[in-house]
Amino acid sequence: MRQVILRELPRFPLADIPTPLQRLERLSAYLGGPGILMKRDDMTGLAFGGNKTRKLEFIVAEALAGGADTLLTAGAAQSNHCRQTAAAAAKAGKRCDLVLGGAAPSMRQGNLLLDTLLGARIHWAGSDRRGETLDNVASSLRKEGLNPCLIPYGGSSPLGAAGYVMAMAEIKAQLPFEEIPVDAMVFASSSGGTHAGLIAGAQAFGYTGRILGVCVEKGEQRERALPVEIISIARGTARLLGAPDLVPEGVQVLLDHRYAGEGYGVIGPREREAIRLLARLEGIFLDPVYTARAMGGLIDMIARGEFTKKERVLFWHTGGTPALFAYAGEIA
Ligand SMILES: Cc1ncc(COP(=O)(O)O)c(C=O)c1O
């Protein structure tokens, strides 16, 4: 295997890593399918954990170096990324402003409750949940005399994705691929930074199995845009890491669009069943929007015979569990 030397990027420590890697023996037996491993990135340790912690270590380090006094980002009302950003800001002793989709609810629950406890200021953005108005909010913060660092939707910048390049190295240390091959890694893909980091990380650390994102959003436009965004982020990350040729031409982005159901954040029978199964067989909670959609997809793929008993699949639990409480009425 070629040896790739990566540049070390400044990091603001936020995550309890390595996160555990667990065998889900009861789930594998129940499904009669492949061996299933779970990488517990819901246990990154910052404010109920999740995949954004790894991205924020690099993003916050750069924000601090640039003299920012405020972290500004955007997401859905139940955004895990926003909750993690608010926690990172608290830990760094900075302000946090969040631009959230929707309107102020009468009661704050789940991630939104945590955002409030973490001291974030919320700007309600109506139908815009992907940061469409971030620049306007940034200008008004500057008029207040603040120096905001704009973090894109999902923390999915080339810098943020560096977190998942390093996560690939972490997995390799826990599970040497040459001795214990992993046939596929499965996870929820939305803004693409996690996927991009894993693609670049696979090239750097010699993972040759499939990297399969389950797309949580519906619509042809998103289906067309997401793989292009993922490659562009992965290439940007490679450049930041001093390895511009890391992501070769023609590298495949595997995205499964079959499980987006009625769209982002709409809970269906597949998500409910995945949440129930993981809780009852493994004592593990999935979140309704991302990990239950991806696990529901994996369960269906196994039922269709798309994985054999001899294979080994690694599922990334990317967090999001505080949203369970906000969706209680639709889950229980
Ligand atoms: C729990 C959870 N899983 C997965 C994702 C998707 O990660 P990415 O945006 O890097 O594609 C998110 C994004 O918000 C998330 O909150």
Side-chain angles (χ1 to χ4, degrees), residues 19 38-44 46-56 58-59 73-87 98 100-101 110-112 114-115 129-131 151-165 167-168 185-201 211-217 222 225-227 229-234 236-237 253-257 259-260 264-265 271 274-275 278 284-298 315-324 326-327:
T19 54
M38 183 180 269
K39 179 68 169 159
R40 298 293 304 270
D41 269 15
D42 56 323
M43 296 172 74
T44 52
L46 178 72
F48 294 109
N51 59 343
K52 309 304 173 181
T53 317
R54 291 186 190 268
K55 299 181 181 184
L56 284 162
F58 293 98
I59 293 172
T73 197
Q78 281 301 323
S79 164
N80 303 299
H81 162 63
C82 289
R83 179 243 315 157
Q84 293 261 282
T85 303
L98 300 174
L100 300 183
N111 283 306
L112 184 57
L114 302 179
D115 296 341
R129 73 167 166 88
R130 300 182 65 90
I151 302 175
Y153 181 72
S156 285
S157 58
L159 188 59
Y164 272 86
V165 176
M168 189 61 96
M185 293 187 178
V186 177
F187 51 93
S189 207
S190 171
S191 60
T194 305
H195 203 151
L198 291 176
I199 286 179
I211 299 174
L212 176 57
V214 175
C215 188
V216 301
E217 289 176 60
R222 202 67 205 121
L226 187 54
E229 288 167 15
I230 288 172
I231 286 296
S232 155
I233 298 170
T237 308
V253 180
L254 299 177
L255 276 165
D256 198 323
H257 297 285
Y259 303 108
Y264 178 84
E271 286 83 23
I275 290 171
L278 268 287
I284 291 173
F285 294 117
L286 299 176
D287 86 286
V289 179
Y290 297 93
T291 51
R293 184 152 284 179
M295 179 57 86
L298 176 59
F315 183 86
W316 286 87
H317 190 325
T318 45
T321 43
L324 272 176
Y327 280 86

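Values below: all heavy atoms of this structure, side chains included; hydrogens, waters and symmetry mates excluded. In listed order, ligands and their atoms are each counted from 1.
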Protein residues having a heavy atom less than 4.0 Å from any atom of ligand 1: Asn51, Lys52, Lys55, Asn80, Ser156, Ala188, Ser189, Ser190, Ser191, Gly192, Gly193, Thr194, Tyr290, Thr318, Gly319, Gly320
Flag if over 12 foreign heavy atoms under 6.0 Å of OH, Tyr259: yes
Heavy-atom pair with the smallest gap, counting every atom of Ala188 and Ala294: N-CB, 3.6 Å
Listed partners of Tyr153 passing ring-ring contact (aromatic ring centres under 6.0 Å, His included), at least two apart: none
Check: Val216 main-chain N/O paired with Arg293 side-chain donor or acceptor under 3.5 Å: yes
Heavy-atom pair of closest approach, residues Leu198 and Met168: O-CE, 3.5 Å
Any donor-acceptor N/O pair, Lys39 side chain to Thr19 backbone, under 3.5 Å: yes
